[in-house]
Number of protein chains: 2
Amino acid sequence: MSADYQQISDSLVKIYSNILRIEESELRKSQFNNLTIQEMHAINAISMYEHKTASQVAKELHLTPGTLTSTIDRLVKKGYVERIRSKDDRRVVRLGLTKKGRVEYRAHAAFHEKLVKQFLQGFNGEEVGVILQALRNLEGFMDEYS
Amino acid sequence: MSADYQQISDSLVKIYSNILRIEESELRKSQFNNLTIQEMHAINAISMYEHKTASQVAKELHLTPGTLTSTIDRLVKKGYVERIRSKDDRRVVRLGLTKKGRVEYRAHAAFHEKLVKQFLQGFNGEEVGVILQALRNLEGFMDEYS
DNA sequence: TTTTTTTGTTTGGCATTCAAACAATTTGGT
DNA sequence: ACCAAATTGTTTGAATGCCAAACAAAAAAA
């Protein structure tokens, strides 16, 4: 195993075991300091305009329906999300962001954009292609184990 | 924002919001199916031979002392970890892996190695250098926000 | 020797998660 | 139209995961 190889391994471990913690600590310093990282991910999955159903969001987040219910309960109480009973099918709950939820969504997207900018800083188009391919390899690995 | 850029952003989000979940689901299928991902990370931080103190491990994992105490309690009960009271300084607790803990440690390292292999699959030395630099950029971003 | 600091544990409380039981509604089969 | 089955989401009960604050023991500093 080469030196580069070991460094990449260490780097990956460091990144994936710290990135969510760092996102959360940034959140704590912002105006949205009463949100946890999981709640923020839920807001992200609900997203701006689509009014997905609870099932769809639960599947996206790999959560059981019961877990999602409690997450949504909290987000409703905190004023980020609203439940909309579907009129076609009265079993279905559609989810939407409140104005406050949409503001948070955009703030988080901006943070991501800064992150990606720094990740790709200093590379030309060809190099960006290499990086993209490596990430796809990793996605492929993850898909195998899903 | 270019198409590549957007794809890299999506890929990064997918990776960092799923990789730990996938590690955990692999764990569930193995002989170590009574470990959670956090417990596994603790085993990893304790590591093979050093007998770190509880404080050192807590710092590494960004956990409060109280949280670490309860994690270690569980790992001791499950037979992966042992507490060793220091003789020099009787306040200090040093942590070590049992034989079972060391077996788990190696199994997890092997999983990581497969992951990194697939991540770097098909690239030459120069390209690996580009990938390493991108990861370092990301580490730099994380350090700014720590 | 007394005070302060360090190290780890305990306590209390909330968040996160799942599995299983449940209720409401819709769909499918007859 | 009616009954059985499937779907959708909620509730309940239990374990883990986390922190802050109070605490106890030991070591270091004064």
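Just so we're clear, the structure is a prediction, and the values are computed from it rather than from any experiment. Side chains included, hydrogens not; waters and symmetry mates left out as well; all remaining heavy atoms used.
In this model, the phosphate group of dA24(C) is not approached by any side-chain N or O of R85(A) to a distance below 4.0 Å at OP1 or OP2. Neither OP1 nor OP2 of dT17(C) sits under 4.0 Å from any side-chain N or O of T67(A). Close to dT9(C), at under 4.0 Å from its OP1 or OP2, lies a side-chain N or O of R83(B). Between R90(A) and dT25(C), a side-chain N or O to OP1/OP2 separation shorter than 4.0 Å is present.
Atom CZ in R91(B) sits roughly 12 Å away from atom C1' in dA24(D) (whole-Å rounding). The distance between atom CG of N33(B) and atom C1' of dC18(C), rounded to the nearest whole Å, is 15 Å. At whole-Å resolution of the value, CD in Q38(A) and P in dC14(C) are 18 Å apart. The nearest whole Å value for the distance from the CD1 atom in I72(A) to the P atom in dA15(C) is 15 Å. Straight-line distance from the NE2 atom of H62(A) to the P atom of dC18(C): 11 Å, rounded to whole Å. The distance from atom NZ of K78(B) to atom P of dA15(D) is 12 Å, rounded to the nearest whole Å. Rounded to whole Å, atom P of dC14(C) lies 14 Å from atom CD of E39(A). Here the P atom of nucleotide dT7(D) and the CG atom of D88(A) are 18 Å apart, to the nearest Å.
In this structure, Y105(B) has its ring center no closer than 6.0 Å to that of H41(B). Proximity of the aromatic rings of F119(B) and Y5(A) is defined here by a centroid distance below 6.0 angstrom, and this criterion is not met.
Within 4.0 Å of T36(A), counting heavy atoms only, lie sugar-phosphate atoms of the nucleic acid but no base atom. Counting any heavy atom pair closer than 4.0 Å across all strands shown, R94(A) reaches no nucleic acid atom. Residue contacts for T53(B): at a heavy-atom cut-off of 4.0 Å it reaches the sugar-phosphate backbone alone, with no base atom in range.
Nearest nucleotide to the T64(A) side chain, out of dA20(D), dT10(D), dC18(C): dC18(C). Looking at the side chain of V93(A), the nearest of the listed nucleotides dT10(D), dT7(C), dT17(C) is dT10(D).
Within the model, atoms CG of N18(A) and CD of E24(A) stand 12.5 Å from one another, a figure rounded to the nearest 0.5 Å.
Each of K87(A) and L63(A) has a nearest nucleotide on DNA chain C; the 5'-most of these lies closest to L63(A).
Judged purely by distance below 3.5 Å, without hydrogens or angles, the side chains of E139(A) and S11(B) pair a donor atom with an acceptor atom.
The aromatic rings of H108(A) and H112(A) sit tilted, their planes meeting at an angle between 30° and 60°.
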